[in-house]
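None of the values given here were measured: they were computed from a predicted structure.
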Amino acid sequence: MSGAVPETFRYDDDICRKFAWATVVWGLIGMLVGLLIAVQLYTPLANFTTSWLSFGRLRPLHTNAVVFAFCGNAIFAGIYHSSQRLLKTRMWSDVLSRVHFWGWQAIIVAAALTLPLGLTTSKEYAELEWPIDLAITVVWLTFALNFFMTLRRRREQVLYVSIWFYISTIVAIAMLHVVNSLGIPVTLTKSYPIYTGIQDALVQWWYGHNAVAFFLTTPFLGLAYYYIPKAAGRPIYSYRLSILHFWSLIFLYIWAGPHHLQHTALPVWLQSLGMVFSVMLVAPSWGGGINFLLTLKNAWSKLKTDPVLKFFLCGVTFYMMATFEGPLLSIKAVNAISHNTDWTIAHVHSGALGWNGFLAFGMLYWLLPRLQGTELHSQRLAHWHFWLGTLGILVYIVPMYVSGVVHATMANAVGSDSLLVHPSFIEIARALIPLQLVRAVGGSLYLAGVILMTYNLVRTAISARAARLALGKPACFEDTEAQAMARPDDRGFAFPTWSGMVENWPTAMTLFVLVAVAAGGILELVPALTADDASLRIAAVKPYTPLELEGRDIYIREGCVGCHTQMIRTLPEEVLRYGPHSQAGEFVYDTPHLWGSKRTGPDLHRVGGKYGDAWHYRHLVNPRALVEGSVMPAYPWLAETPLESSDVRKKMVALQRIGVPYLEGDILGAPKALERQSRDIVARLKEQGETNAKDATEMVALIAYLQRLGTDLGKNEATKEVTKEATSP
């Protein structure tokens, strides 16, 4: 129309820069902590005999820093940048964008402070206590409101597939976080989940697996569908394949969580269901990976000169490797070998370092120079980063694969006399130490690459600032949308009516996504959570005494579950090594569950009564004095730290509310019962030669808990329960 004034608008790139730089900073911190705990695994002295620097407390700090700080900030940087351009509008609220940014950083700082202090729920990827969980909910809803209101005011009618993946991330993570975090607060720093035993294990791994799915996979796929075509300078190879990739992935992923609990006390139908859906995941995952590779096909000539494309290509390769290996490890026969060993560690880190890390690095190298209106300081340094990172990943994961195979082979070796060839777990631990050393070297190389990237990006920012001072404004990059909604070979494809509808209607898209991701959770969790607990209960299994309860909380605080499992699987070799396999009824009063997922040390489910009280005392003060070659951290401070038990009644009341049968008399008499049991243990310690043992210390409480493990049934009774379970219909 003649004389019409064209509409103009500006994107909010400042929020993208904030999240991008936070990605760099937290990446450095998270990976530095990761290197420290890698060293601690073969050099126990690196624990410094300081409570807040021990492996058990730093491990969850590392995982949270890498997953939620490094990867989380990378996700948000990419979503804010790509969404504004795909929707052709500025974010709905600059205020909400900044509330999201500063709120997320505050949550990360809170995690960095509380986890080393031992304030943890012990639940994998969900260790933060309830006040921080509430803050996560508020910040996530702030992000969701801003995102969906931006969708509402968009200028581009059709929703590109990246937006689909972002919607699924927002919806699924909200659902997962709320369901898994339901608990009863005891104090400001302590709570108990509302689930117990096998129910808590199922909910936790439904969450844990799908946190990987919907925090480390779907948002990164959305970023890949935007940034790979941008970097390659051509549209996505097949839009129809991206649609199949999206819907099949988000529907299938949510079912696969139980594959983390193969051969455990979890009902067999759930184990098998998780395995079946895990195997099915290969098809959509590889379909998406092939789509990315074919998009990069005509950009091979640029690989020599463009480090961004190198990172993207290698990242997609690791994505395809990880999404093939994950289903492979869900198969029961393979899981029997891989689970609880470093094979799983190799699998997790090939995905995290290769897929998430490399995609984030490629995005940062592509994004930050453009956001600052300048060229990257040094392409050569970026190439060096790529090769250091690639070498670091290989040097990291190869020894971990070897470690996993060695661990499983030694642990399961049975001689002609039907006895274990390596009955002592320390033989296995010693054999793995050289491999742990090589792993740390690989981590050092990967970290060196991140340091190079940080230097390169900082120099880029400095040169951009100098240009602004000289010119008064930054140089501008043309930011046109290179990707097309469909390639020519897709135009003859007749999309289903519902597909066309959801591409144009965000409300329908969100509802379809909610149904797809909720279906698996409902059909898996509801039967397990509504099952009659009475059918699982074993008369001989009693609730923990007040002192044992306090000891269990100390065990959780010190992160012992990061190295020890409390789940003897149904495998014959494990029964030979540890005793009768664990029964579902033995965990009905356990919240949170402590089944664990890695054995750096032996399983502890039936350790009670196996050693004297003085053995545990000496072992905790100095493990190497009793077990030569042990890599376990020392806990000498436990022997001197008075037990703070003023909240024991509150804890018992909270547990009573979720079904633990504490009587009112038990709760009222808890302080005296605690003192009485403590005095008995100290008396035995002195009889066994520990004359300096003090009453009512954290050491005494932890010993009480360890000596309780697996003793409710006794060896004969446990064998009877196993037989009864095997013969029941």
Side-chain angles (χ1 to χ4, degrees), residues 12-34 52-53 57-81 83 91-150 166 169-170 173-174 176-178 180-183 185 187-191 207 211 214-216 219 356 360 364 454 557:
D12 180 11
D13 285 341
D14 179 63
I15 191 65
C16 307
R17 280 189 291 270
K18 281 183 167 62
F19 275 115
W21 282 112
T23 303
V24 175
V25 171
W26 289 116
L28 275 172
I29 294 171
M31 292 171 200
L32 183 61
V33 176
W52 54 277
L53 285 179
R57 297 199 188 185
L58 289 182
R59 180 186 175 272
L61 174 61
H62 163 62
T63 56
N64 277 265
V66 171
V67 173
F68 299 110
F70 169 65
C71 291
N73 279 292
I75 290 166
F76 298 135
I79 288 178
Y80 275 104
H81 176 262
S83 295
M91 295 304 296
W92 180 62
S93 170
D94 288 359
V95 172
L96 290 184
S97 297
R98 277 140 192 84
V99 169
H100 177 203
F101 174 78
W102 291 111
W104 196 256
Q105 309 318 308
I107 288 166
I108 296 166
V109 171
L113 294 175
T114 57
L115 291 174
L117 292 175
L119 304 178
T120 175
T121 66
S122 83
K123 301 182 79 169
E124 193 82 16
Y125 309 128
E127 294 90 350
L128 304 179
E129 270 294 353
W130 69 270
I132 307 177
D133 276 341
L134 286 178
I136 292 171
T137 304
V138 171
V139 172
W140 195 261
L141 291 176
T142 300
F143 168 48
L145 175 63
N146 201 12
F147 182 84
F148 284 113
M149 291 304 293
T150 304
Y166 301 159
T169 297
I170 293 170
I173 290 297
L176 293 165
H177 175 69
V178 170
N180 188 55
S181 299
L182 293 175
T187 66
L188 190 64
T189 59
K190 181 65 182 177
S191 65
Y207 164 87
F214 289 96
F215 200 85
L216 297 180
N356 300 120
L364 289 172
T454 304
R557 184 193 71 193

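- Phe70 has its side chain out of reach of Ile29: every pair of non-hydrogen atoms, C-beta onward, lies at least 4.5 Å apart.
- Shown here for Tyr166 and Gly78, the closest heavy-atom pair between the two residues is OH-O, 4.2 Å.
- The main-chain N or O of Val33 is never found under 3.5 Å from a side-chain atom of His62 such that the two would form a donor-acceptor pair.
- Distance check, rounded to the nearest 0.5 Å: CG of Asn146 to OG of Ser97 gives 4.0 Å.
- Taking each heavy atom of Pro219 and Thr169 in turn, the nearest pair found is CD-OG1, 3.2 Å.
- Two rings, from Phe19 and His81, have their centers 6.0 Å or more apart.
- Under 3.5 Å, the side chains of Ser122 and Glu127 contain no donor-acceptor pair of N or O atoms.
- Using a 30° and 60° split on the angle between ring planes, Trp140 and Phe215 fall in the tilted class, from 30° to 60°.
- For an aromatic pair to be called close, the ring centres must be under 6.0 Å apart, and His177 with Tyr207 fails this.
- Checking side-chain atoms of Thr150 against main-chain N and O of Met91 turns up no donor-acceptor pair under 3.5 Å.
- Phe147 has its side chain within reach of Ile79: a pair of non-hydrogen atoms, C-beta onward, lies under 4.5 Å apart.
- Under the 4.0 Å criterion applied to side-chain N and carboxylate O atoms, Arg98 and Asp12 are assigned as salt-bridge partners.
- Side-chain atoms of Leu53 and Leu58, non-hydrogen and from C-beta on, do get closer than 4.5 Å to each other.
- Put simply, the side chain of Asn180 never gets that close to the backbone of Leu176: no donor and acceptor are under 3.5 Å apart.
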- Check against side chain to side chain contact (heavy atoms under 4.5 Å, CB included), Leu145 and Trp92: CA-CA 9 Å; Leu145 175 63; Trp92 180 62; 4.2 Å; yes
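- Residue Leu61 comes nearest to Pro116 through the heavy atom pair CD2-CG, 3.9 Å, listed as atom of the first residue, atom of the second, then distance.
- Between Thr120 atom OG1 and Leu115 atom CG the span is 6.0 Å, to the nearest 0.5 Å.
- Between the side chain of Thr454 and the backbone N or O of Val24 there is no donor-acceptor pair closer than 3.5 Å.
- Partner of Ile107 under the side chain to side chain contact (heavy atoms under 4.5 Å, CB included) criterion, chosen from Val138, Val139, Asn64, Asp133: Val139.
- A distance of 8.0 Å separates CG in Leu119 from CD1 in Ile132, rounded to the nearest 0.5 Å.
- Put simply, CZ on Arg557 and OG1 on Thr189 are 11.0 Å apart, with the number rounded to the nearest 0.5 Å.
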- Output, in order, the C-alpha distance, side-chain angles, deciding distance and verdict of side chain to side chain contact (heavy atoms under 4.5 Å, CB included) for Leu128 and Thr121. CA-CA 6 Å; Leu128 304 179; Thr121 66; over 6 Å; no
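- Annotation: side chain of Gln105 is in contact with side chain of Asn73 (closest heavy-atom distance under 4.5 Å).
- Partner of Phe143 under the ring-ring contact (aromatic ring centres under 6.0 Å, His included) criterion, chosen from Phe76, Phe101, Trp104: Phe76.
- Between Ala77 and Ala20, the shortest heavy-atom distance links the atoms CB-N, 3.7 Å.
- Here Asp13 does not pair with Arg17 in a salt bridge; the nearest charged N to carboxylate O distance is not below 4.0 Å.
- The closest donor-acceptor contact from the side chain of Trp130 to the backbone of Thr187 lies under 3.5 Å.
- Residue pairs meeting the salt bridge (charged side-chain N to carboxylate O under 4.0 Å, His left out) criterion with at least one partner in residues 57-78, sequence neighbours excluded, are Arg57-Glu558, Arg59-Glu124.
- A donor-acceptor pair under 3.5 Å links the side-chain atoms of Thr63 to the main chain of Pro60, judged by distance alone.
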- Task: Using the ring-ring contact (aromatic ring centres under 6.0 Å, His included) rule, take Tyr125 and Phe68 through it: C-alpha gap first, then chi angles, then the decisive distance, then the call.
- Result: CA-CA 9 Å; Tyr125 309 128; Phe68 299 110; 7.3 Å; no
- List the steps and the verdict of side-chain hydrogen bond (donor to acceptor under 3.5 Å, both in side chains) for Glu129 and Ser191. CA-CA 7 Å; Glu129 270 294 353; Ser191 65; 2.7 Å; yes
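- Taking the side chain to side chain contact (heavy atoms under 4.5 Å, CB included) definition, one finds that Val95 meets it with Ser93, Val99, sequence neighbours left out.
- Asp94 meets the salt bridge (Lys or Arg N to Asp or Glu O under 4.0 Å) test with Arg90; sequence neighbours excluded.
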